[in-house]
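Keep in mind the model is a prediction, meaning the values are calculated, not measured. By convention in this document, chain letters (A, B, ...) are assigned in the order of the sequence lines, proteins followed by strands, and residues within each chain are numbered from 1.
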2 protein chains.
Amino acid sequence: MVEHEDRLSRVFSALADPTRRDMVARLAAGDATVSELAAPYDVSLQAVSKHIQVLQDAGLVHRSKDAQRRPVHLDAEVFDLMTKWIERYRAQAEARYQRLDALLDRLQGKTTEDEQEQTKGAAG
Amino acid sequence: MVEHEDRLSRVFSALADPTRRDMVARLAAGDATVSELAAPYDVSLQAVSKHIQVLQDAGLVHRSKDAQRRPVHLDAEVFDLMTKWIERYRAQAEARYQRLDALLDRLQGKTTEDEQEQTKGAAG
DNA sequence: CTCGTGTTCAACCATGCGGTTGAGTACAGC
DNA sequence: GCTGTACTCAACCGCATGGTTGAACACGAG
C-alpha cells in the first residue's frame with residue numbers, strides 16, 4: 001500500500017545493501033554495463049539487474065541504451081539529499097552538546113558562588 | 001545467521017525508516033525517554049522500543065538508566081561514517097563528470113554516429 | 001509488600017527483500 | 001531469418017523487518 005516511500009527513505013534503503021554500495025563505488029569511477037557490474041559478485045545477472053533497479057528508483061543511477069547494453073550512470077546529485085539531512089541534525093546535536101558542555105562548565109562554577117567569576121565560556 | 005552486517009549497512013538501514021529518521025531528528029534537539037519518543041506516533045510502545053534498538057545496533061544512539069526510564073541519547077559521531085562514504089564517491093563522480101565535461105568541450109564539433117539525447121538539465 | 005509506571009521480552013503475523021530459475025525481449029552478426 | 005549476447009520480466013522461496021498483543025521485569029511511591 002505505502003509504495004510511495006519518500007525519496008530519502010529510498011536512498012538510504014538502497015545504500016543499506018553492501019553490494020549496492022559497492023556498485024555505486026565502482027560507478028563513481030565511470031559508467032558500466034549490467035554484466036560488467038555483475039562480474040565481481042557471485043550472484044545471477046538478474047539479481048544485479050534488480051539491484052540496479054533499486055538504485056534507479058532511489059534516483060542514484062539511470063540507465064541508457066547502447067545496442068543490447070544498458071550502461072549504468074551514477075547520478076551523484078542525490079547524495080546532497082542525504083548530506084543535507086545528516087548535516088542538519090549533526091550540527092544541531094553538536095550545537096546542543098556544546099551548549100550542554102558550556103552549561104556544565106557554568107554549573108561547575110555555580111556550586112561555589114565565588115568561582116562564578118571564572119569566564120570559561122570561550123573554552124571549547 | 002549473517003547478523004554481522006557491517007556498520008555502514010546498519011546505519012543506512014536504520015535511517016531508511018521515516019519513523020526512525022524522525023526520532024533521530026527529535027533526539028538531535030535533546031535526549032528523550034521511550035514514551036516521550038513514542039508519543040507522536042500512532043504505534044505501540046513496543047514498536048518504538050524496537051526502533052530504538054535498531055538505532056542502537058547501528059551505533060546511532062545509546063540508552064542510559066534513570067529509575068524506570070531509559071533516556072535515549074543521540075550519538076552523532078556515526079554520521080561521520082556516512083558523510084565520509086558519501087563524500088568520497090560524490091567527489092570522485094564529480095571529478096569524473098568535470099573531466100568528461102572538459103573532454104566534450106574539446107571534442108565539440110565531432111559528432112558520433114549515434115546521437116544521444118541529453119536530457120540533463122546540466123549543473124543545477 | 002503491593003501497586004503503578006516505564007520499558008523490554010516473546011510469540012506471532014503480514015509484508016518486503018535478496019536471491020533463485022525459466023521464459024521473454026531486443027539487438028548485432030553471420 | 002537464425003543464432004548468440006545482453007538484459008528484463010515473472011514466479012517463486014526463505015528470511016528479515018515492522019507491526020501487533022500479552023506477559024515479565026525494574027524501580028519508586030505508598
Side-chain angles (χ1 to χ4, degrees), chain A residues 1-24 27 31-58 60-73, chain B residues 1-24 26-27 31-58 60-73 112-116:
Chain A
M1 313 290 202
V2 195
E3 322 237 349
H4 267 349
E5 279 268 319
D6 60 304
R7 180 78 150 242
L8 250 192
S9 294
R10 283 197 301 256
V11 177
F12 277 124
S13 183
L15 259 21
D17 186 283
T19 305
R20 261 164 351 224
R21 271 205 314 284
D22 191 60
M23 285 177 171
V24 167
L27 284 169
D31 297 7
T33 67
V34 180
S35 358
E36 279 167 359
L37 278 174
Y41 316 120
D42 193 22
V43 298
S44 68
L45 212 79
Q46 290 94 319
V48 173
S49 187
K50 275 191 183 183
H51 279 307
I52 296 170
Q53 186 61 49
V54 172
L55 290 172
Q56 184 173 281
D57 290 346
L60 278 159
V61 305
H62 69 87
R63 279 174 277 199
S64 35
K65 299 187 67 169
D66 171 29
Q68 310 99 307
R69 263 150 249 138
R70 294 286 173 278
V72 181
H73 176 85
Chain B
M1 294 239 204
V2 195
E3 318 241 351
H4 265 350
E5 279 267 320
D6 60 306
R7 180 77 148 242
L8 211 40
S9 293
R10 283 197 301 257
V11 177
F12 276 122
S13 182
L15 257 22
D17 186 284
T19 305
R20 262 166 347 226
R21 270 205 314 283
D22 190 60
M23 285 178 169
V24 167
R26 290 167 55 217
L27 284 169
D31 298 6
T33 67
V34 180
S35 0
E36 280 166 359
L37 278 174
Y41 316 119
D42 193 23
V43 297
S44 67
L45 214 80
Q46 291 93 318
V48 173
S49 187
K50 276 191 182 182
H51 278 308
I52 296 170
Q53 187 60 48
V54 172
L55 290 172
Q56 183 173 281
D57 289 347
L60 277 159
V61 306
H62 68 88
R63 281 174 276 201
S64 36
K65 299 188 65 168
D66 171 29
Q68 312 98 307
R69 263 152 251 136
R70 295 286 173 276
V72 181
H73 176 85
T112 52
E113 61 278 326
D114 195 31
E115 269 206 12
Q116 288 188 357

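Contact of the A:Arg69 side chain with the A:Arg63 side chain is not registered, since no non-hydrogen atoms from C-beta on lie closer than 4.5 Å. B:Leu37 is listed as a side-chain neighbour of B:Ile52, based on a closest heavy-atom distance under 4.5 Å.
A close approach under 4.0 Å does occur between a side-chain nitrogen or oxygen of B:Arg20 and OP1 or OP2 of D:dG18. Considering only side-chain N and O atoms, A:Arg70 lies nowhere under 4.0 angstrom from the phosphate OP1 or OP2 of C:dA26. Of the side-chain N and O atoms in A:Ser44, one or more sit less than 4.0 angstrom from OP1 or OP2 of C:dT20. Side-chain N/O atoms of B:Lys65 include one lying less than 4.0 angstrom from OP1 or OP2 on D:dC27.
Rounded to whole angstrom, the span from the CZ atom of A:Arg10 across to the P atom of C:dC17 amounts to 11 Å. Residue B:Arg63 contributes atom CZ, which lies 15 Å from atom P of D:dA26 at whole-angstrom precision. To the nearest angstrom, P of D:dG18 lies 14 Å from OH of B:Tyr41. Atom CZ in B:Phe12 sits about 19 Å away from atom C1' in D:dT17, given to the nearest Å. For the pair B:Arg69 CZ and C:dG6 P, the interatomic distance rounds to 6 Å; values are reported in whole Å. The interatomic distance linking B:Arg21 (CZ) with D:dG18 (P) rounds to 13 Å, in whole Å.
For the segment residues 48-55 of chain A, residues with any heavy atom less than 4.0 angstrom from an atom of DNA chain C are, sorted by number, A:Lys50, A:His51.
When each of D:dG18, D:dT5, D:dT20 is scored by its nearest atom to the side-chain atoms of B:Asp17, the top-ranked nucleotide is D:dG18. You'll find that the side chain of A:Leu45 is closest to D:dT8, out of D:dG19, C:dC27, D:dT8. Here the side chain of A:Gln46 is nearest to one of C:dT8, D:dT8, C:dC27, namely D:dT8. Residue A:Ala67 has its side chain nearest to C:dA28 when only C:dG19, C:dG6, C:dA28 are considered. Of the candidates D:dT8, C:dG19, D:dC27, the closest approach to any side-chain atom of A:Thr19 belongs to C:dG19.
Note that the CD atom of B:Gln53 and the CG atom of B:Asp57 stand 4.5 Å from one another [nearest 0.5 Å].
Between the side chain of A:Arg20 and the backbone N or O of A:Ala14, at least one donor-acceptor pair lies under 3.5 Å. Checked by atom type and distance alone, the side chain of B:Glu36 pairs as donor or acceptor with a backbone atom of B:Thr33 at under 3.5 Å.
The salt bridge (Lys or Arg N to Asp or Glu O under 4.0 Å) search around A:Arg21 returns B:Asp6, not counting sequence neighbours.
Taking both residues in full, the closest heavy atoms of B:Tyr41 and B:Val48 are given as CD1-CG2, 4.4 Å, listed atom of the first, atom of the second, then distance.
Within the nucleic acid shown, A:Ala47 comes within 4.0 Å of at least one base atom, counting heavy atoms only.
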